[in-house]
Protein chains: 2
Amino acid sequence: MMKTSVAEILQTEALLQEVQLKGWVRTFRSNRFIALNDGSTINNIQCVIDFENTPEETLKRINTGAAIAVKGTLAESQGRGQSVEIQVSEIEILGDSNPDEYPIQPKKHSFEFLRENAHLRMRTNTFSAVMRVRSKLSFAVHQYFQERDFNYVNTPIITGSDAEGAGEMFRVTTFKDNEAPIDENGNIDYSKDFFGKETNLTVSGQLEAETFAMSLGKAYTFGPTFRAENSNTTRHLAEFWMIEPEVAFMDLDGNMDLAEDFIKYVINAILERCKDDLAFLDQRLTQEEKSKPQAQRSEMSLLEKLKFVVDNDFKRISYTEAIDILRNSKPNKKKKFQFPINEWGADLQSEHERFLVEKHFKCPVILFDYPANIKAFYMRLNDDGKTVRAMDVLFPGIGEIVGGSQREERYDVLGEKMKALDIPEEELWWYLDLRKFGTAVHSGFGLGFERLVQFVTGMSNIRDVIPFPRTPQNAEF
Amino acid sequence: MMKTSVAEILQTEALLQEVQLKGWVRTFRSNRFIALNDGSTINNIQCVIDFENTPEETLKRINTGAAIAVKGTLAESQGRGQSVEIQVSEIEILGDSNPDEYPIQPKKHSFEFLRENAHLRMRTNTFSAVMRVRSKLSFAVHQYFQERDFNYVNTPIITGSDAEGAGEMFRVTTFKDNEAPIDENGNIDYSKDFFGKETNLTVSGQLEAETFAMSLGKAYTFGPTFRAENSNTTRHLAEFWMIEPEVAFMDLDGNMDLAEDFIKYVINAILERCKDDLAFLDQRLTQEEKSKPQAQRSEMSLLEKLKFVVDNDFKRISYTEAIDILRNSKPNKKKKFQFPINEWGADLQSEHERFLVEKHFKCPVILFDYPANIKAFYMRLNDDGKTVRAMDVLFPGIGEIVGGSQREERYDVLGEKMKALDIPEEELWWYLDLRKFGTAVHSGFGLGFERLVQFVTGMSNIRDVIPFPRTPQNAEF
C-alpha cells in the first residue's frame with residue numbers, strides 16, 4: 001500500500017493501486033463525495049464513500065475542516081475536472097470539525113475576515129496557493145545566488161547603529177518600562193542595558209553585507225527587516241523580508257544587469273514550478289478585476305503580466321530623462337499630478353513612477369543617476385557632483401520593487417558626506433575601514449520580498465502575502 | 001580575454017589563456033610573487049610580476065589587503081602547491097592598504113582580536129572558510145526541505161505572545177525610554193505602543209509553523225530567534241538562526257527519522273561541496289588540538305567526525321534507559337558528576353549528555369520519552385501519564401543539537417496542561433483552534449543552526465560561526 005500525498009496521486013497513472021492518504025475535508029456532498037486536500041497541491045482528490053456501508057455516525061463527522069484518513073483504490077473518475085478518484089474502502093475520522101463553529105466554510109470569505117483567522121487561512125485555496133508560491137519563490141532566490149557562488153550572509157537583526165537612516169526604528173531592550181536606570185548626568189544609562197548600548201531592529205543588512213562583498217566577493221542577505229512607521233497602506237509592513245545582494249568589482253551597469261536577470265530568473269522559476277497555483281491565482285484575479293470599473297482593470301491577466309516581464313527588456317533611463325518625460329507629459333500639463341513636476345531635483349512620487357511604467361513605457365523601468373540629495377549617503381557621487389549612481393527598478397502595479405546603487409568607494413568622499421550629514425564616524429568606523437583597506441568599486445541592491453510575492457501572486461494587499469503580518473496596532477498570532 | 005574568479009582559474013586547464021582578475025593581495029614576496037585571493041575559494045592564485053618592468057611606485061603599493069586588478073597569461077607553475085599561475089602583463093592598484101595600519105597581517109591572529117575586527121575577519125583563511133561553509137550549509141537546508149515539498153514559512157519575528165516560555169525575551173517598543181504613557185489605573189498603557197500591545201522578539205517559530213503543518217502538511221522555518229539570557233558561554237548567542245520543520249500526520253518515530261536523515265543529508269552536502277574549505281578547517285583543528293593536553297584531544301579529526309556521523313546510525317534510547325545507564329556509570333558511582341544521578345526525573349545536564357555520547361555510545365544519540373514536568377507544555381503526553389513524546393539529538397562536542405516532540409493534538413489535554421501552567425487561553429486561542437478543527441498527530445523539531453555550523457567547521461566558539469555575534473554587552477557592527 002502506497003502512503004502518499006494528493007499531489008503525487010494526481011500525477012500517477014497507476015490505477016487500481018491501493019493507496020492510503022491523510023488530509024482535510026474541503027467539501028462533502030451527496031453523503032458520498034469527499035473533496036480531500038492535504039496541502040501538497042491546490043487540487044483536491046475526490047474520495048468516493050460507500051455510504052450504504054459506512055455508519056451514519058461516521059458520515060455525520062465528515063465535515064469541512066475535519067482531518068481524516070482514507071484507504072482505497074485509485075480509479076478513473078467519472079466526475080468532471082478530475083482524472084482519478086479514490087474508491088474508499090476504509091475511512092477514519094482523525095480530528096472533528098464542528099460545522100457550527102469552524103470559521104472556514106466552503107464559501108467566499110473576505111480577506112479581512114481571513115486576516116483575523118490567519119492561523120486557518122492557509123486552508124483556503126487562495127492562501128494555500130500564495131504561501132506555496134512564496135515558499136518556492138524563496139527557494140528560487142537562494143538558487144539564483146547559490147548557483148552563481150554568492151555567499152548567503154545573515155546580517156544582524158539587532159543593531160547598535162541607526163546610521164543608515166532608511167526609516168524609523170524599533171527599540172530593543174531588556175529594561176523594564178519606565179524603569180531604565182539613570183546615570184549621574186540624568187541620562188538613561190544604556191551601559192546597563194543588555195547590550196551595553198542603545199539597540200534597534202535593523203532596517204537593512206546592506207552595510208554589513210558590504211563587509212562580505214569586500215572579502216568573499218559576492219554576497220547576499222535574505223532576512224527580516226523592520227520599519228516603525230505608522231503606514232497603514234496596502235504596500236507597507238512593519239516587519240518584512242528583504243533580499244540584498246552585494247558584489248565587489250561590479251559597477252552600476254552590472255548592478256542593473258544583475259537585478260534584471262535575477263528578477264527574470266525567479267519569475268521564470270515560478271512560472272515553471274507553480275503552474276497549478278498560478279492558474280488558480282490568475283483566475284482569481286480575473287474575477288476580482290471584473291468587479292472594478294473598466295478603466296481600472298488591468299490590460300493583462302496575471303500570467304500575461306509575468307510572461308511579459310520575463311520576455312521583455314527593462315527600459316533603462318536616467319532620472320534626468322525621466323524628468324523631461326514627466327515635465328512634458330499630459331497629466332503634468334493638465335495638472336493631474338498631485339505633485340506637479342516643475343524642475344530637476346524633484347523626488348519622484350508613486351504617481352510619477354506609475355505613469356512612466358504603466359502609461360509611458362508600458363514595461364518595467366530602471367531609473368538611474370538620481371540627484372544626490374534625495375538619496376542615501378553611501379551612494380557613489382558622479383563626476384557632475386550632483387547625481388549619484390543610484391538605480392530604482394519600477395514595476396507595474398507595485399512601483400519601486402528594487403532600490404540599489406554603486407557604493408561610494410572613496411574614503412575621503414564618503415567621510416565628507418558623512419560629516420555633512422552628521423553621521424558619526426565612531427558608529428561607522430568599520431564601514432569606513434572598507435574604503436581604507438583595499439577599497440574597490442562595488443554595488444548592490446535591495447528587493448522587498450513581499451512586493452515581489454505580491455507581483456507574482458497578484459495579491460493587492462501586502463498583508464495577504466506574509467503569514468502573520470505586523471502593522472500598526474497589530475501583532476496577532 | 002576571460003574575466004574570471006580564482007576558483008574558476010584553478011579549475012581550468014586552458015594554459016596560455018589571457019585572463020583578467022580582481023582580488024586582494026594576501027602576501028607579496030621577493031618583489032615578484034603575489035598570492036591573490038578574491039573570496040571565491042580558500043586557495044590563492046600566484047601572480048608573477050615582471051618586477052624589472054614594473055614601476056617602483058607600483059611595487060611599493062602591493063601590500064597585504066590591497067585590492068588589485070591583473071591581466072596576464074595562465075601558465076604552468078614552477079612553485080610548489082599550485083598547478084597554475086598568472087604571468088602578469090598589467091597590474092593596477094585599485095585600493096591601497098597601508099601596512100602600518102591594516103589590522104589583518106599575514107600572521108596568526110587570535111580569534112578574540114578578529115572578533116573585534118569582525119568586519120575584516122572574512123579576509124582570513126579560517127573565517128572565509130567558515131562563512132563559505134555556513135552559506136552552503138544554509139542552502140543544503142533549503143534544498144533538503146524543498147526537494148521534499150516542505151513549505152518555507154517566515155514566522156513572525158516580533159511577537160505579541162510570550163507563552164512559549166523557551167527563555168527570556170527582548171522587548172520591542174517605540175516608546176521613549178522612561179516616557180511610556182500611563183493609563184488611569186497607573187499601569188503602562190500598551191495600547192499606545194506601536195502594535196497596541198506589549199511585544200517581544202520571538203524565541204521560536206514553532207507554534208506558528210504548526211498552523212502551516214495543519215494546512216499545507218509540511219512546513220519549515222529558518223529564521224532568527226532570540227534569547228535575552230545573560231549567558232557568556234561558547235555555546236550561546238542572544239541572536240541565532242533556527243531551523244524548525246513541522247509535519248502533519250507524523251509521529252515521534254517519523255520525527256526521529258526526519259532529524260537523522262536531515263542532519264546526514266546536509267553534512268553529506270558539505271563533504272561533497274566544500275572539500276577545500278573542510279580540508280583547511282580539518283588541518284586547523286588538528287593544529288589547535290596539538291596545543292591541548294593529550295587527554296582532552298579528540299580521537300577523531302574533523303573530517304573523520306563528519307564521516308562518522310553520516311555513516312552510522314544514531315543510537316535511540318529512552319530517557320528511562322539513559323537514566324539507568326547514567327546511574328550505574330563509573331563517573332556517577334565515583335561521584336565525578338557535578339550533578340549526581342540518583343533518580344528518575346532528573347533533568348540531564350551537559351555532563352550527562354556528553355558521557356552518553358562521547359564515552360558510552362561513542363556516536364550521536366537520540367533520547368526520547370522524557371518526564372513531562374521537565375519539558376514544554378505542547379508535548380504529547382504518553383499513556384503512562386508521566387512522560388511526553390519528546391526527543392533530543394545529542395552530538396559529540398556540541399551536546400543538544402536538536403530538540404523536538406510529537407505535539408499534544410488533543411484539545412482537552414492541551415487545554416488542561418495550559419491551565420495548570422497558567423498559560424492564558426486568550427493568548428493561544430489560535431493554537432488551541434488547531435486542536436479544535438481537524439486536529440491530527442503532528443511533530444517537529446528545532447535545530448540551532450550555529451551549533452550545526454560549529455560541528456561542521458570544528459570551531460569551538462559559537463561567536464566565530466556567525467558574521468556579527470550578539471552577546472551580553474556586545475552589539476558591535
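A, B, ... follow the sequence lines: proteins, then strands. Residue 1 opens every chain.
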CZ-CZ distance between A:Arg171 and B:Phe175, expressed to the nearest 0.5 angstrom: 10.0 Å
Please classify the contact of A:Thr124 with chain B as side chain, backbone, both or neither, using a heavy-atom distance under 4.5 Å. neither
Specify the closest pair of heavy atoms between A:Thr211 and B:Met122, including all atoms of both residues, with the distance to one decimal. OG1-CE, 3.4 Å
Could you have a look at A:Ala67, A:Ser215, A:Ser97 and say which one has the most heavy-atom pairs with chain B under 4.5 angstrom? A:Ser215
From A:Leu201 atom CG to B:Phe170 atom CZ, the distance as rounded to the nearest 0.5 Å: 10.5 Å
According to the interplanar angle, ranging from 0 to 90°, do the rings of A:Phe468 and B:Trp430 count as parallel (below 30°), tilted (30 to 60°) or perpendicular (above 60°)? tilted
Quick one: does A:Ile157's side chain get under 4.5 Å of B:Phe226's, heavy atoms only? yes
Going from NZ on A:Lys197 to CG on B:Asn474, what distance comes out if it is rounded to the nearest 0.5 angstrom? 8.0 Å
Select, from A:Phe449, A:Phe249, A:Tyr152, the one with the greatest count of heavy-atom pairs under 4.5 Å involving chain B. A:Phe249
With a 4.5 angstrom heavy-atom cut-off, is it the side chain or the backbone of A:Phe240 that approaches chain B, or both, or neither? neither
For the interface with chain A, which of B:Phe145, B:Tyr102, B:Phe194 has the highest count of heavy-atom pairs at distances below 4.5 Å? B:Phe194
Any heavy-atom pair between the side chains of A:His119 and B:Tyr431 that's under 4.5 Å? no
I'd like to know which of A:Thr471, A:Asn230, A:Asp177, A:Asp38 tops the heavy-atom pair count under 4.5 Å against chain B. A:Asp177
For chain B, which candidate among A:Ala118, A:Ala228, A:Ala248, A:Ala440 shows the most heavy-atom pairs at distances under 4.5 Å? A:Ala228
Max heavy-atom pairs within cutoff under 4.5 Å with chain A, candidates B:Asp433, B:Asp149, B:Ile68, goes to B:Asp433
